[in-house]
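First up is the structure itself, then whatever we jot down about it.
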Amino acid sequence: MGVVSRSVGNAFRNKVRSGAVVVILAVAIGLALAMLVANQAVGAKVDSLKASVGNNLTVNPAGSRGGLGGGNPLTTADATKAATVAHLVSVNGTLSVRLSNAAATSGSTGTGTGSSSGDRGGPGGGFGSSGTTSLKSAVDPGVLGQRNNSNGSSSDATGGTTGSTTTRPAFTIPIQATGVSTSTTATGTAINVTGGAQLTDFAASSTQALVGSTLATKNSLKVGSTFTIQDRTMKVTGIFDAGDAFDNNGIYLPLAATQTLTSQAGQLSSLNVVVDTIENVSATQASLTTALGADKVDVTAGSTNLESAITSLGSVQSISLIAFIASLVTAGLIVLLIMIMVVRERRREIGVLKAIGASNRTIGVQFVLEAMVLVVLGTVVGGVVAAFSSNPIVSALVAGNTASTSSAAGPVRGAGGGFGGGGGGGGFTRTRGAFAGADQLIGTISTSIGWQTLVLGVVGILVIAAIGALIPALLTAKVRPIEVLRGE
Amino acid sequence: MLSVKDVVKSFNSGDRTIKPVNGVSFSLEQGTFAAILGKSGSGKSTLLSLLGALDKATSGDVVVDDVNLSTLPDRKLTAYRRDDIGFVFQQYNLIPNLSARENVMLPMEFAGVSRSERTKRAAELLNQVELTEEMHGRLANRLSGGMQQRVAIARALANNPKLILADEPTGNLDDETGELIIALLRQLAHEKKTTILVVTHDQALASQTDRQFRLARGKITEDH
């Protein structure tokens with residue numbers, strides 16, 4: 001009969017009371033564990049949100065967004081100036097151009113290729129395009145395509161097909177070509193190349209190109225295949241998958257080559273700026289606008305909603321942390337009060353143990369172990385409680401704390417719908433990202449109990465339990481052996 | 001050898017000082033079976049607590065085999081209670097959720113005796129106090145009063161103490177059982193050369209001992 005088995009035995013001397021204590025402890029510990037799981041899950045989500053959207057700002061010419069609006073293009077000088085602003089990690093300029101199908105263009109207008117100004121406003125897919133390509137769009141025009149690409153025809157001097165849509169040759173949607181100076185998209189994320197290699201030659205004379213997956217299929221292109229842009233023969237170095245039909249209907253070209261091919265030397269359609277931390281995004285947005293001139297550029301932060309998402313998740317995180325600590329303290333108090341009760345109840349027995357030679361330490365250890373038995377049982381039952389309750393608790397917490405954010409994002413999202421048709425441009429992905437509500441950004445937070453969470457939880461519980469048990473154990477040291485002679 | 005010299009224990013009760021033990025002196029040879037007689041409130045239990053190192057005297061010396069308890073630190077007092085003293089109480093004071101055997105093993109566990117040795121010695125001691133084998137594994141609170149007192153005596157003997165202090169050991173027992181317990185204690189004193197000091201108000205018990213002391217108003221006298 002060692003001190004351990006004696007402690008275990010003592011824990012069950014009063015089975016009803018011990019059972020009740022275990023149940024109460026299980027609720028407190030279960031809540032603590034659920035809160036810890038929530039805290040970790042939300043923390044992980046915040047990290048992934050920060051990582052996925054990043055600390056990016058997009059600089060567009062004032063009044064222009066993608067292929068819509070007006071104003072003057074950005075220049076490489078603007079990019080250089082932007083790079084001097086504080087808190088910037090990198091500045092990447094991109095040039096987005098629209099390339100119309102060479103065959104469709106010549107069929108409808110009868111003009112040759114090479115004159116970008118001549119293409120502007122032209123019917124049959126010439127709207128806003130900066131050049132021609134041999135590629136055929138993988139996206140059918142449909143109603144949106146008709147609407148977006150034929151609006152220039154009525155005012156076009158050369159348009160002989162107005163009013164007779166049946167005889168007008170079928171046009172194709174222009175191909176979105178993005179000139180990049182690194183292997184990243186206009187929003188600063190890496191291009192997801194699924195076959196072949198990234199761009200390596202960024203010179204003006206480069207013939208490298210990355211082709212979207214659906215566009216490649218439509219035009220039967222493989223890595224190594226060739227196609228033409230204006231009069232240059234380009235070679236497919238890789239096929240990329242951007243994950244959506246619009247982007248997969250595009251190509252990536254070296255920036256300098258794009259500028260040369262479309263006669264837009266030194267011009268940029270947007271700048272993608274990476275800020276050092278998410279906290280500096282707003283300040284940097286303001287300083288960038290000042291540096292480049294508010295009348296010249298629009299600086300947009302895709303993380304406005306992200307910030308509110310992170311803020312609301314952050315409050316969930318702190319609520320869950322507070323609840324975790326509060327539940328642990330509650331569990332500790334339960335242990336403390338029960339053990340104080342037990343010590344008072346067994347004063348005489350403690351006196352007996354001391355009278356027959358038990359040291360204060362032996363008795364203290366026995367009482368701490370007894371408390372631990374209750375805590376371990378409470379933890380086991382509480383773990384089961386947490387396993388079933390943590391997911392609903394996290395959902396409830398996140399829903400409760402992001403409701404205001406999503407309603408605020410509502411009208412903005414409506415405005416975002418208007419952009420859908422225009423699409424395109426350096427900031428298109430960013431634009432859509434910006435108008436997605438915080439709740440969408442948050443998405444679903446799945447809880448899982450990792451070993452770190454488990455270790456943290458168990459250590460927390462044991463520490464609290466030890467403190468809860470230690471005070472009563474110290475009280476036993478104060479019990480004098482003479483208690484044994486005291487009458488009942 | 002137990003010797004008590006001019007021991008005083010005083011308590012402050014309000015503005016009065018109570019002295020339940022007031023200048024007690026006596027000595028007992030090793031192996032003596034002695035009784036201290038006295039009425040309720042005569043200071044018997046207080047004197048017993050001083051002898052058993054359960055409490056400290058206000059003044060005077062309690063010397064057991066040339067060791068003065070009054071000067072020992074608390075840690076040494078614990079060791080003294082464990083190794084040199086055995087207690088037998090009127091209320092038996094066994095640990096109710098432990099078996100008879102486990103109760104007897106307890107002081108040996110505190111003294112660091114190995115488990116196998118403890119088990120062996122506990123069985124021997126229980127046999128010695130005439131507790132049948134089937135009772136050894138029974139929980140203490142499932143034993144009769146007489147049996148519990150036997151277990152208590154076996155527990156008191158566990159670490160081969162020099163002195164056994166018994167506080168009204170027959171107080172809760174019927175006459176017949178009480179006499180069996182007295183006979184057991186006397187036998188132990190003579191066979192094992194253990195000094196046994198019984199505190200009682202039971203004249204019949206006292207008459208069986210080698211020496212009898214009388215405690216009244218904190219003063220002790222020996223009957224001859």
Side-chain angles (χ1 to χ4, degrees), chain A residues 1-19 21 339 341-371 373-374 473-488, chain B residues 9 40 44-50 52-56 74-99 101-112 115 118-119 122 139-141 152 155-156 158-159 161 165 167-168 171 199:
Chain A
M1 193 75 187
V3 66
V4 176
S5 51
R6 203 160 55 241
S7 305
V8 174
N10 279 342
F12 293 102
R13 261 161 92 160
N14 189 335
K15 292 189 179 65
V16 175
R17 185 174 66 193
S18 298
V21 169
M339 291 316 290
M341 213 162 93
V342 167
V343 168
R344 290 180 67 91
E345 202 175 82
R346 292 203 210 132
R347 285 178 79 85
R348 192 185 172 89
E349 189 176 308
I350 294 164
V352 172
L353 290 174
K354 289 191 176 183
I356 64 174
S359 63
N360 285 339
R361 200 170 61 103
T362 309
I363 297 170
V365 166
Q366 182 184 317
F367 275 82
V368 169
L369 284 176
E370 183 174 338
V373 170
L374 295 176
L474 291 176
L475 285 181
T476 64
K478 295 214 175 245
V479 177
R480 292 160 65 220
I482 197 157
E483 289 289 335
V484 75
L485 290 176
R486 202 156 283 169
E488 292 296 332
Chain B
K9 178 72 185 174
S40 298
K44 298 184 307 247
S45 292
T46 308
L47 180 57
L48 194 80
S49 70
L50 298 178
L54 298 178
D55 206 356
K56 282 197 170 184
D74 282 356
R75 195 168 46 80
K76 288 271 178 69
L77 286 180
T78 302
Y80 167 74
R81 287 195 297 265
R82 184 185 66 212
D83 300 328
D84 297 333
I85 302 270
F87 285 101
V88 177
F89 304 99
Q90 181 177 356
Q91 310 286 349
Y92 326 127
N93 282 339
L94 299 177
I95 308 299
N97 65 329
L98 298 184
S99 70
R101 190 188 298 116
E102 286 162 351
N103 266 288
V104 178
M105 284 161 71
L106 216 45
M108 292 187 266
E109 181 192 318
F110 299 146
R115 194 184 177 82
R118 296 204 298 259
T119 317
L139 288 185
N141 58 2
R155 183 177 69 181
N159 287 332
L165 298 171
D167 183 22
E168 305 273 14
V199 168

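Owing to the predicted nature of the structure, the values given are computational and were not obtained by experimental measurement. In the text below, chain A, chain B and the rest are named by the order of the sequence lines, each starting its count at 1.
A heavy-atom distance below 4.5 Å is found between the side chains of B:P96 and A:R13. Annotation: side chain of B:I95 is not in contact with side chain of A:R6 (no heavy-atom distance under 4.5 Å).
Distance check: A:I482 CD1 to B:L48 CG gives 9.0 Å after rounding to the nearest 0.5 Å. A distance of 10.0 Å separates CG in B:N93 from CG in A:L353, rounded to the nearest 0.5 Å. Distance check, rounded to the nearest 0.5 Å: CE of B:M108 to CD1 of A:I356 gives 10.5 Å.
For A:A355 against B:F89, the heavy-atom pair with the smallest separation is CB-CZ, 4.3 Å. Heavy atoms only, all atoms of each residue included: B:F110 and A:G357 are closest at CB-O, 3.7 Å.
Residue A:N360 does not touch chain B at all, counting heavy-atom pairs closer than 4.5 Å. Contacts between B:R75 and chain A at a heavy-atom distance below 4.5 Å are absent for every atom of the residue.
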(message) Determine whether A:F12 and B:N97 satisfy the following criterion, side-chain contact (heavy atoms from CB on, under 4.5 Å), listing intermediate values before the conclusion.
(response) CA-CA 10 Å; A:F12 293 102; B:N97 65 329; over 6 Å; no

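Between the side chain of B:R81 and the main chain of A:K354, a donor-acceptor pair closer than 3.5 Å is present.
Taking a 6.0 Å sphere around CZ of A:R17, one finds it holds more than 12 heavy atoms contributed by other residues, nucleotides or ligands.
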